[in-house]
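Below you'll find the structure, written out as structure tokens, and then a few comments.
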2 protein chains.
Amino acid sequence: MKQRLAAIGTVETLPHRVAAFLSREIESGDLNPGARLPTEQELSEKFGVSRNVVREAIAQLRADGMIEARQGIGAFVLAPEQRAAIRIDREALKDTHNMERLFELRCILEAESAALAAARRSQEHLDAIKAALDRMSGEERWEDGSIDADLLFHREIARATGNSYIHTFISFVCEQIRQSIHYARLTNPLHDLVEVNVGEHVRIYDALVAGNPAAAEAAMRAHIIGAANRVGVRLPSARGDHTDGAR
Amino acid sequence: MKQRLAAIGTVETLPHRVAAFLSREIESGDLNPGARLPTEQELSEKFGVSRNVVREAIAQLRADGMIEARQGIGAFVLAPEQRAAIRIDREALKDTHNMERLFELRCILEAESAALAAARRSQEHLDAIKAALDRMSGEERWEDGSIDADLLFHREIARATGNSYIHTFISFVCEQIRQSIHYARLTNPLHDLVEVNVGEHVRIYDALVAGNPAAAEAAMRAHIIGAANRVGVRLPSARGDHTDGAR
DNA sequence: GATATACATATCATCCTACAACTCAATTAG
DNA sequence: CTAATTGAGTTGTAGGATGATATGTATATC
């Protein structure tokens with residue numbers, strides 16, 4: 001928790017600000033793929049920082065595969081497909097529409113993963129999931145402590161799939177959502193419908209214990225749609241839109 | 001000493017090597033979350049590089065949320081859940097088991113996304129998808145040119161969901177798979193079953209044109225399982241046949 | 001005149017030193 | 001004993017110097 005507070009409150013360092021600026025300029029299309037960036041010296045003058053700071057900023061973008069620097073020539077913007085990392089702009093998450101998209105992605109990831117977990121979970125996995133569930137139920141209100149337990153519950157399910165990539169992706173998305181919820185709570189006090197939330201989790205857990213993939217998937221889907229609603233995001237139903245796929 | 005690597009864009013810079021070393025030390029558990037890294041000066045001495053290089057390396061790890069640096073104290077390892085970025089070690093993808101996990105993740109992401117795309121695609125989206133399909137069909141063998149078109153086809157479908165996060169994630173996963181296929185082809189010459197591959201894509205496209213989410217999802221799922229098989233990965237089915245359910 | 005070589009220039013890569021800002025602990029003044 | 005001060009240690013930033021690499025230009029050679 002001390003860790004997390006520090007992580008959230010991390011001061012914006014100069015390299016971070018420069019990197020964010022350039023990153024935004026690239027995302028917005030001001031700098032197209034193939035374009036050359038200004039020289040390090042020009043950038044250091046433009047931002048009023050030392051060349052060292054500019055280099056650290058570029059080192060970040062380079063590590064992400066956003067730009068490629070060639071000695072003696074300059075730095076060039078790469079195509080989005082060539083990126084080596086996924087990074088989500090937390091500022092953008094303050095926008096409700098983006099939050100909605102993130103919940104949609106989460107729903108896709110977690111629903112099927114829950115089915116996988118139901119088929120593959122071991123007793124050790126179930127114990128870990130149960131422990132998180134108990135911690136969550138102990139809390140009166142849905143705030144920091146129980147949010148931690150909530151996310152841990154989801155991460156443990158992801159771990160139970162036995163697929164480390166799934167675990168990584170879900171952990172990542174959940175963490176982004178935690179951040180955006182943090183913002184959302186500053187403006188809109190959330191309904192503290194703990195009972196509803198816990199109930200949804202229990203249904204997921206029961207399906208996992210039963211080893212019933214279809215039930216686990218359905219429960220997870222219902223839960224995420226509910227969770228989105230509780231933070232003020234109306235999730236467009238994934239597939240019931242017009243032609244309904246009876247599966 | 002410093003050998004010129006003619007490889008594509010992957011010039012091993014000193015900060016990159018230092019970052020990779022530290023990153024591996026963290027992943028392997030030599031440095032647990034909460035642990036403090038050696039000071040910048042110690043690291044620069046240990047690796048025989050300047051403090052500047054160490055700082056650029058740390059800037060990368062910091063941007064990924066792997067470590068957190070606090071002025072006046074030091075740099076600390078963060079828990080994996082707190083990462084701000086997803087980065088996949090391409091070396092690890094040479095392992096077939098990891099490739100299998102990656103295909104499983106891809107299947108989860110793309111199957112439901114195909115359903116979303118079927119519900120939301122515009123004519124402009126369909127045109128872009130069709131263009132990629134045509135480019136793919138024109139090729140005789142499944143090699144670099146048609147692989148590009150293949151991945152473009154999938155990216156365009158992701159774009160048709162209208163959800164930029166989905167697009168980002170799928171693009172990323174596809175790119176990782178492209179890399180791993182590149183390795184795989186070096187050892188196992190692949191079957192060039194172009195007709196089968198194109199046929200699977202056509203079925204997906206038809207479902208999108210028809211605006212049939214369930215069909216699109218099924219076609220996509222079948223395709224990815226088939227694609228995995230063709231590169232020598234047997235995908236454990238996501239949930240269709242948990243007939244082996246005796247567990 | 002065409003080609004090849006040498007030079008000058010621009011740029012990134014690395015190194016170095018210095019100082020500022022911050023934290024923590026020991027010391028000192030009250 | 002308490003509280004303020006001091007000092008050492010660490011990261012953050014600045015700025016310059018030198019090496020490595022790519023490009024363009026001028027010169028020399030044929």
Side-chain angles (χ1 to χ4, degrees), chain A residues 2-3 5-23 26 31 34-78, chain B residues 1-23 25-26 31 34-78 84:
Chain A
K2 173 165 55 177
Q3 270 181 358
L5 286 183
I8 290 175
T10 293
V11 285
E12 271 220 342
T13 84
L14 285 181
H16 181 258
R17 256 193 284 180
V18 172
F21 184 93
L22 292 177
S23 170
I26 291 174
L31 286 170
R36 213 196 94 185
L37 269 70
T39 69
E40 293 178 353
Q41 193 168 11
E42 284 169 349
L43 288 174
S44 80
E45 286 168 7
K46 175 178 176 184
F47 292 109
V49 300
S50 81
R51 231 194 92 209
N52 260 335
V53 169
V54 172
R55 279 196 61 79
E56 283 188 28
I58 289 183
Q60 292 178 205
L61 300 180
R62 212 154 64 134
D64 290 354
M66 243 172 152
I67 70 177
E68 175 192 26
R70 288 180 0 203
Q71 191 168 347
I73 310 180
F76 300 86
V77 178
L78 291 180
Chain B
M1 171 169 309
K2 179 103 169 277
Q3 199 153 342
R4 175 174 158 67
L5 306 176
I8 358 171
T10 50
V11 187
E12 270 246 330
T13 140
L14 283 180
H16 180 261
R17 258 194 281 181
V18 173
F21 184 93
L22 291 176
S23 170
E25 222 168 21
I26 291 174
L31 286 171
R36 211 194 100 184
L37 269 71
T39 69
E40 295 178 353
Q41 192 169 11
E42 283 169 350
L43 288 175
S44 79
E45 286 167 8
K46 175 178 176 183
F47 292 110
V49 299
S50 82
R51 198 184 141 212
N52 235 325
V53 169
V54 172
R55 278 194 63 79
E56 281 190 31
I58 289 183
Q60 293 179 186
L61 300 179
R62 206 153 67 137
D64 290 355
M66 222 172 214
I67 70 177
E68 175 193 24
R70 281 155 57 178
Q71 188 169 350
I73 312 181
F76 300 85
V77 179
L78 290 181

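Lettering of chains follows the sequences in order, A, B, ..., and the numbering in each one begins at 1. Only a predicted model underlies this, so the values are computations on that prediction, with no experimental measurement involved.
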Let me know the distance between CD1 of I73(A) and C1' of dA20(D), rounded to the nearest Å.
-> 12 Å
E68(A) atom CD is separated from dC12(C) atom P, nearest whole Å, by 13 Å
Quick one: closest heavy-atom pair of A57(B) and P15(B), and the distance?
-> CB-O, 3.4 Å
From dA14(D), dC15(C), dT11(D), nucleotide with atom closest to S50(B) side chain | dC15(C)
L37(B) CG to dG9(D) C1', in whole Å, measures 16 Å
Decide if atom CD of Q41(B) counts as having more than 12 heavy atoms of other residues, nucleotides or ligands within a radius under 6.0 Å.
-> no
Between the base of dG12(D) and the side chain of R51(B), is there any donor-acceptor pair under 3.5 Å?
-> yes
Counting side-chain heavy atoms from CB outward, which of dC12(C), dC15(C), dT10(D) is closest to R36(B)?
-> dT10(D)
Test side-chain contact (heavy atoms from CB on, under 4.5 Å) on V18(B) and L43(B) and set out the steps.
-> CA-CA 9 Å; V18(B) 173; L43(B) 288 175; 6.0 Å; no
Can you tell me the distance, in whole Å, between the CG atom of L14(B) and the P atom of dC12(C)?
-> 17 Å
Rounded to whole angstrom units, what separation is found between the NE2 atom of H16(A) and the P atom of dT13(D)?
-> 12 Å
State which of dT10(D), dA14(D), dT11(C) makes the closest approach to the side chain of T39(B).
-> dT10(D)
Of all the nucleotides listed (dT14(C), dA13(C), dT11(D)), which has the minimum atom distance to the side chain of R62(A)?
-> dA13(C)
Is any side-chain nitrogen or oxygen of R55(B) closer than 4.0 Å to OP1 or OP2 of dT11(D)?
-> no
Nearest-Å distance, CD (Q41(B)) to P (dG12(D))?
-> 15 Å
Using whole Å, report how far CZ of F47(A) lies from P of dA14(D).
-> 13 Å
Comparing nearest nucleotides in DNA chain D, the 5'-proximal residue of the pair N52(B), E40(B) is E40(B)
Take R51(B) and R55(B) through the side-chain contact (heavy atoms from CB on, under 4.5 Å) test and state the conclusion after the steps.
-> CA-CA 6 Å; R51(B) 198 184 141 212; R55(B) 278 194 63 79; 4.2 Å; yes
Taking all non-hydrogen atoms of both residues, which atom of E56(A) and which atom of A59(B) are closest, and how far apart?
-> OE1-CB, 3.9 Å
Return the value, rounded to whole Å, for the distance between atom CZ of R70(A) and atom C1' of dT11(C).
-> 12 Å
Would you say the side chain of Q71(A) and the base of dA22(D) hold a donor-acceptor pair, judged only by whether the two atoms sit under 3.5 Å apart?
-> no
